[in-house]
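Throughout, a chain's letter reflects where its sequence line sits, starting with A, and its residues are numbered from 1.
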There are 2 protein chains.
Amino acid sequence: MSAEMLKGHLDAVLLATIGDDALHGYAIIEAIRARSGGHFDLPEGTIYPALHRLELAGLLASRWVQPDGGRKRRVYSLTDSGRRSLVERRAGWQSFASGIDLVLGART
Amino acid sequence: MSAEMLKGHLDAVLLATIGDDALHGYAIIEAIRARSGGHFDLPEGTIYPALHRLELAGLLASRWVQPDGGRKRRVYSLTDSGRRSLVERRAGWQSFASGIDLVLGART
DNA sequence: CGATTTAGCTTTGCAACGCTAGGTATGCAA
DNA sequence: TTGCATACCTAGCGTTGCAAAGCTAAATCG
């Protein structure tokens, strides 16, 4: 599932997944898979450009980390602006979802 | 609201709005506005191309109707394939929405 | 009657975005 | 040494919602 449905909601997913942690791209992919109950299994070509986009927009900050044994990772965390945006997007999602629910007559 | 969120869900909205009725484009726009509780106020440039797309895909059928007084309207109704697709899309939406809910930690 | 508003349909072209597909590089186990 | 998992990056494609513009016909109002 999840063909093109994600459009416009990926940013919220990323921001929420990172939350108060500091995660690198690969870990984010796994976290999304886990936390969505297997609903979302997003490819790298989706995640990495999106992270760059969010960093450019000032919602994420990144730094390179060299763990003991293992290769360098780029680790992302929310900026203040990102935290604010997450709150907005959560509300936006709920408003949107209730609108769709009404029209589809689902979850009434 | 609803900047680009609708991407990938418009077809379901249209199919569900038409349902067992036979509606023309303008009426569909108003019906969506009404049934969504004002959440969605979609412009014509969104609706009409989408209707054509769905007709081309065989999910909708259209015919021209000349009402007593008033100008000609193009009236759409679901085909069998469209009805089947609606069922799938409803399920798809619920699956998708519950995935997002899980990740966002909303509506838990 | 003329002017404006509302209903009703169409089309062109843009911008955004998720994804496919390809590539690079590192560490570890068989 | 082969292979796999980890980890990152990017060019380019296809879809899609939307803004903008235009057209026609009915209704409303001065």
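- Here C:dG18 presents its P atom at 11 Å from CD1 of B:Ile100, a figure rounded to the nearest Å.
- When rounded to the nearest whole Å, the span between CD1 of B:Ile28 and C1' of D:dG17 equals 16 Å.
- Scanning all heavy atoms of the two residues, the minimum distance from A:Ser81 to A:Gly58 falls at CB-O, 3.8 Å.
- Interatomic distance, CG of B:Leu6 versus NE2 of B:His39, reported as 12.5 Å (0.5 Å rounding).
- B:Leu51 and B:Gly25 make their closest contact through CD1-CA, 4.0 Å (heavy atoms, listed as atom of the first residue, atom of the second, distance).
- Side chain of A:Glu55 to main chain of A:Ser62: a donor-acceptor pair is present (N/O by atom type, distance under 3.5 Å, no hydrogens or angles).
- B:Leu42 places its CG atom 15 Å from the P atom of C:dC9, with the value rounded to the nearest Å.
- Between the CG atom of A:Leu10 and the P atom of C:dC19 there is a distance of 7 Å, given to the nearest Å.
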Nucleotide-resolved protein contact map, nucleotides 1-14 of chain D, B/S/- at heavy-atom distance under 4.0 Å:
-----BBBBB---B
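- Summarising the geometry, the separation between CD1 on B:Ile47 and P on C:dA7 is reported as 16 Å, rounded to the nearest angstrom.
- Straight-line distance from the CG atom of B:Leu56 to the P atom of D:dT15: 12 Å, rounded to whole Å.
- Under the 3.5 Å distance criterion, the side-chain polar atoms of A:Arg90 are matched with a main-chain donor or acceptor of B:Leu104.
- For B:Asp20, the side-chain contact (heavy atoms from CB on, under 4.5 Å) criterion is met by B:Arg83, not counting sequence neighbours.
- What separates CG of B:Leu14 from P of D:dC18 is a distance of 11 Å, to the nearest Å.
- Map A:Gln66 and A:Asp11 each onto its nearest nucleotide of DNA chain C; the residue landing nearer the 5' end is A:Asp11.
- Atom CE of B:Met5 and atom C1' of C:dG18 are 16 Å apart (whole Å).
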